[in-house]
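For reference, the structure is listed below as structure tokens.
Just so you know, residue 1 is the first one in the sequence shown, and it goes up from there. Everything numeric in this text was worked out from a predicted model, so none of it was measured.
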Amino acid sequence: MYGISYKIPYITESENKMTKQQFDIGTYFTIQYYAKKHDKTITRKAQWDKQCFEGIHKTKGYSYLKYFDVDANGYRCASKSWKISEVKA
């Protein structure tokens, strides 16, 4: 399979440590994180595309992940920590 790949850290379900995971463009996955806006942990179906990335907040210094929310048909950000599971190419 040809395409652009990105490496992003995530917390595995079996281990509580940061691990490198490589996503190809078009990969579907499930992401879970605490949403301050909703004051609870949420789970979203997501897809990795060219606009998705992991970054560091410029002023506050925490990490975040920009992903495409399949159900809402738009981009969202997970901040500080998140868990990714059910990776499907």
[X] versus [Y], closest heavy-atom pair with distance:
X	Y	answer
T30	E86	OG1-OE1, 3.6 Å
G61	I56	O-CG2, 3.6 Å
V70	A46	CG2-C, 3.7 Å

With rounding to the nearest 0.5 Å, note down the distance linking [atom1] in [X] to [atom2] in [Y].
X	Y	atom1	atom2	value
K60	S79	NZ	OG	9.5 Å
Q51	I25	CD	CD1	10.0 Å
K83	T43	NZ	OG1	8.5 Å
Y67	I84	OH	CD1	10.0 Å

* Go through the structure and list residues passing side chain to side chain contact (heavy atoms under 4.5 Å, CB included) with K40, not counting sequence neighbours. =>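 Side chain to side chain contact (heavy atoms under 4.5 Å, CB included) check on K40 returns H38, I42.
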**Prompt:** In chain order, what residues pass the side chain to side chain contact (heavy atoms under 4.5 Å, CB included) check against D71, with sequence neighbours excluded?
**Reply:**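 With neighbours one apart ignored, the set is K45, D69.
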Task: Residue of the set F29, Y28, F68 for which ring-ring contact (aromatic ring centres under 6.0 Å, His included) holds with F23 - done: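 Among the candidates, only F29 passes.
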Is there side-chain contact between [X] and [Y], with at least one heavy-atom pair below 4.5 Å?
X	Y	result
Y75	D49	yes
E54	S63	yes
T41	Y33	no
C77	W82	no

Practice prompt. Quick one: list whatever passes ring-ring contact (aromatic ring centres under 6.0 Å, His included) with Y64, sequence neighbours left out.
Written response: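 If we apply the ring-ring contact (aromatic ring centres under 6.0 Å, His included) test to Y64, skipping adjacent residues, the hits are F53.
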Exercise. Report, as yes or no, whether the 6.0 Å neighbourhood of atom NZ on K66 holds more than 12 heavy atoms from other residues, nucleotides or ligands.
Key: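 Check passes, neighbour count above 12.
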Residues which pass side-chain hydrogen bond (donor to acceptor under 3.5 Å, both in side chains) with D39, listed by chain and number, not counting sequence neighbours: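 Partners of D39 by the side-chain hydrogen bond (donor to acceptor under 3.5 Å, both in side chains) criterion, ordered by chain and then number, come out as Y34.
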**Report entry** Qualifying residues under side-chain hydrogen bond (donor to acceptor under 3.5 Å, both in side chains), relative to Y62, sequence neighbours excluded
**Finding:**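 In terms of side-chain hydrogen bond (donor to acceptor under 3.5 Å, both in side chains), with neighbours along the sequence ignored, Y62 is linked to no residue.
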